[in-house]
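Letters go in sequence order (proteins before strands), and every chain restarts at 1. None of the values given here were measured: they were computed from a predicted structure.
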Protein chains: 2
Amino acid sequence: MNRKTPGKRVRAKQRRLSADDRRNEFVAKATELFAEEGFGGGTRALARKLGVTQPLLYRYFPSKDDLIKEVYRKVYLEPLEIGWERLLSDRSRPLRARLQEFYEIYTDAIFNRKWLRIYLYSGLKGLDINRWYVGMVKDKILTRILRECRHDAGLATQSRPGAAELELAWVFHGGIFYYGVRKYIYEAPVLEDKAQMISDALDIFLAGFERMAESATDRRRTPVKVVG
Amino acid sequence: MNRKTPGKRVRAKQRRLSADDRRNEFVAKATELFAEEGFGGGTRALARKLGVTQPLLYRYFPSKDDLIKEVYRKVYLEPLEIGWERLLSDRSRPLRARLQEFYEIYTDAIFNRKWLRIYLYSGLKGLDINRWYVGMVKDKILTRILRECRHDAGLATQSRPGAAELELAWVFHGGIFYYGVRKYIYEAPVLEDKAQMISDALDIFLAGFERMAESATDRRRTPVKVVG
DNA sequence: ATCTCTGGTGATCGATCGATAAACTGACCC
DNA sequence: GGGTCAGTTTATCGATCGATCACCAGAGAT
């Protein structure tokens, strides 16, 4: 048993942290690791990132899955901290300006490699939290936007949006989202001016909504579907 | 030629296939497996899907990575088999009809759980083939669409599209793509009529392009960009 | 019937995975 | 100083991974 080998064993300084700090560090670094490697990333690689040994993880989380759940929680709750309800529904400001500002702030929060990759990885796992987030985008963002658009156009404010206009909002929202995917996941060249992209997307969305609103009140509209 | 399965009953014990057939079966089932589990899916699980033993895989592929590359090749080349060049550039037909038909056919090819999941998983791995595909969408689809739009609007046909209008096309394309993601990855409820969704998206894209074209040629108009 | 070629199996290796138990160590308290 | 407790490490387990090797077995040719 030569565990105490003579000679100054220059072990890496054992850095002791408080339980809370260490736990937060685990979650933070795990987010980085899983963002890059997916949730198959190893606990040993994670420990290496912290400069500690692998079993230490299990002092703070019962299992790797529990750690992953914490990562989910943190990532999915991050963009919610910006309080968009007030932003979208503040009718003292022009609708266009509200939408522009909201999407600039919202994309500032989620358009980064870490967030987008975790979001896509967890989406592929098909977990409930992902469906919850998508449902929240629908209820808290798109539905709200449509309500404001309808109010702005002098239309009746229904409690729930129609399926067609909701789809319109989704395509708009998805188009913006895909900008982030192209830039941070595919690392493809994009128009650098994000605000300009949002502005242009808003232009065509609002124009499309107007047209839809018009044709909704004016019933002579014919189906646009054309089949070759 | 050696494809003759004898009238003899298929024996559960050992099913012999020709080398080509077996190889194709490996690629096909691997696509299914990796679509669900990601590329971390095990070779043993794959063998189980074929009803064979795991080492057999290595008679047909030097390594798991080579199998994965075959899966890439097959998946990424699948939607290319529809020959969209003729479809988008056939000026004997109205532009609107061409675009509608193209996107209906294109989405028929890629809007399914298997294709989308493989695409996203491989995108997250950041491989060259993914960048190649994105570049191809840009060059073969979006650039072509913009050229046709410009021609349709009586504008000069530049060799390369401007950054702003290319971004417009990307947001439009991404919005449609995201419809597939919502339906087949997030399994969220979507507007069931896909053709209708495409039609609506086309409406606002074309309207947006027109407006952009107008403000580009007719300088009296106020710029569409509004900054809040 | 037997030979031969090749598709297919059984056994197993080394690496790596998540997880556990026990020992160690540093900081704080008296 | 010595005790104590929480943070950390060492050692290791069982499962699973990709991959390799020797061997088996079925179908066509002779």
* Compare all side-chain heavy atoms of B:Tyr119 with those of B:Asn130 and state whether any distance is below 4.5 angstrom. =>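 B:Tyr119 vs B:Asn130: side chains touch.
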So, is A:Arg23 close to the D:dG7 phosphate, meaning a side-chain N or O under 4.0 Å from OP1 or OP2?
->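 It does not, given that no N or O in the side chain of A:Arg23 lies less than 4.0 Å from OP1 or OP2 of D:dG7.
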Q. Just how far, in rounded Å, is P of D:dA6 from CG of A:Leu56?
A.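 So the two atoms are 15 Å apart, to the nearest Å.
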- Item | Interatomic distance, A:Arg48 CZ vs D:dT8 P [rounded to whole Å] |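 It is 18 Å, rounded to the nearest whole Å.
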| query | Quantified as the angle between the terminal helix axes (five pairs each), what is the overall bend of the helix from C:dA1-D:dT30 to C:dC30-D:dG1 to 10 degrees? | reply |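 That helix gives 10° between its end axes.
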Inset, instruction - Quick one: label A:Leu17 by what it contacts on the DNA or RNA (base, sugar-phosphate, nothing), any heavy atom closer than 4.0 Å. - result: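 Answer is sugar-phosphate: A:Leu17 comes under 4.0 Å of backbone atoms only.
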For this session: State whether the distance check finds a donor on one side and an acceptor on the other, under 3.5 Å, for side chain B:Arg59 versus base C:dT6.
Result: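 Check fails, no donor-acceptor contact within cut-off.
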Whole-Å distance separating the CG atom of A:Asp20 from the P atom of D:dA6 =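 Distance check: A:Asp20 CG to D:dA6 P gives 14 Å.
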Next item on the list: Would you mind reading off the distance between A:Asp21 atom CG and D:dA6 atom P, rounded to a whole angstrom?
Entry: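 Result: 17 Å.
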Below 4.5 Å, heavy atoms only, C-beta onward: do A:Ser63 and A:Leu67 meet side chain to side chain?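 Side-chain contact under 4.5 Å: no.
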Categorize A:Tyr60 for me: base, sugar-phosphate, or nothing, with a 4.0 angstrom heavy-atom threshold over every strand shown.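 Contact class for A:Tyr60: sugar-phosphate only.
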Check: So, does the side chain of B:Arg16 form a donor-acceptor pair with the base of D:dA27 at under 3.5 Å?
Finding: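 Such a pair does not exist between side chain and base.
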- [ ] Apply salt bridge (charged side-chain N to carboxylate O under 4.0 Å, His left out) to B:Arg131 and A:Glu187, showing your working.
- [x] CA-CA 8 Å; B:Arg131 283 196 189 76; A:Glu187 291 173 331; 2.7 Å; yes
Side chain of B:Val52 - closest among D:dT8, C:dT9, C:dG7 |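 Looking only at side-chain atoms, B:Val52 lies closest to C:dT9.
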If you look at every heavy atom in A:Tyr72 and A:Ser122, which pair is closest and at what distance?
->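 Smallest heavy-atom distance, with atoms named: CE2-CB, 3.2 Å.
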Evaluation steps, side chain to side chain contact (heavy atoms under 4.5 Å, CB included), between B:Lys64 and B:Lys69 | CA-CA 9 Å; B:Lys64 183 185 173 184; B:Lys69 275 176 193 157; over 6 Å; no
Note to self: Could you check whether B:Thr31 and B:Arg117, counting side-chain N and O atoms only, form a donor-acceptor pair closer than 3.5 Å?
What the structure shows: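 There is no such pair (donor and acceptor under 3.5 Å, judged by atom type) between the side chains of B:Arg117 and B:Thr31.
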(message) Can you measure A:Leu50 atom CG to D:dT8 atom P for me and round it to whole angstrom units?
(response)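 My rounded result for the distance is 10 Å.
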If we ignore angles and hydrogens, is there a donor and acceptor under 3.5 Å between the side chains of A:Tyr103 and A:His173?
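Present: a donor and an acceptor within the cut-off.
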Inset, instruction - Decide yes or no for A:Glu32 and A:Glu36: does some side-chain heavy atom of the first lie under 4.5 Å from some side-chain heavy atom of the second? - result: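 No. Closest side-chain heavy atoms not under 4.5 Å.
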With a 3.5 Å cut-off and no angle check, do the side chains of A:Thr107 and A:Lys194 form a donor-acceptor pair?
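Short answer, yes.
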Applying the ring pair (Phe, Tyr, Trp, His ring centres under 6.0 Å) test to A:Trp115, which of A:Tyr133, A:Tyr121, A:Tyr106 qualifies?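 Among A:Tyr133, A:Tyr121, A:Tyr106, the one that satisfies the ring pair (Phe, Tyr, Trp, His ring centres under 6.0 Å) with A:Trp115 is A:Tyr133.
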Write down the distance between CZ (A:Phe61) and C1' (C:dT20), rounded to a whole number of angstrom.
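From A:Phe61 CZ to C:dT20 C1': 18 Å.
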For nucleotides 12-16 of chain C, which of its nitrogen or oxygen atoms have a protein nitrogen or oxygen under 3.5 Å away, and what is each distance?
none

* Between atom CG in B:Leu57 and atom P in D:dT20, what is the gap in whole Å? ->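 Answer to the nearest Å: 11 Å.
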Inset, instruction - Nearest whole angstrom, please: distance from the P of D:dT9 to the OH of A:Tyr58. - result: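 Value for this atom pair: 15 Å.
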Kindly say if A:Thr53 contacts the phosphate of D:dT8, meaning a side-chain N or O under 4.0 Å from OP1 or OP2.
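A:Thr53 to D:dT8 OP1/OP2: no side-chain N or O under 4.0 Å.
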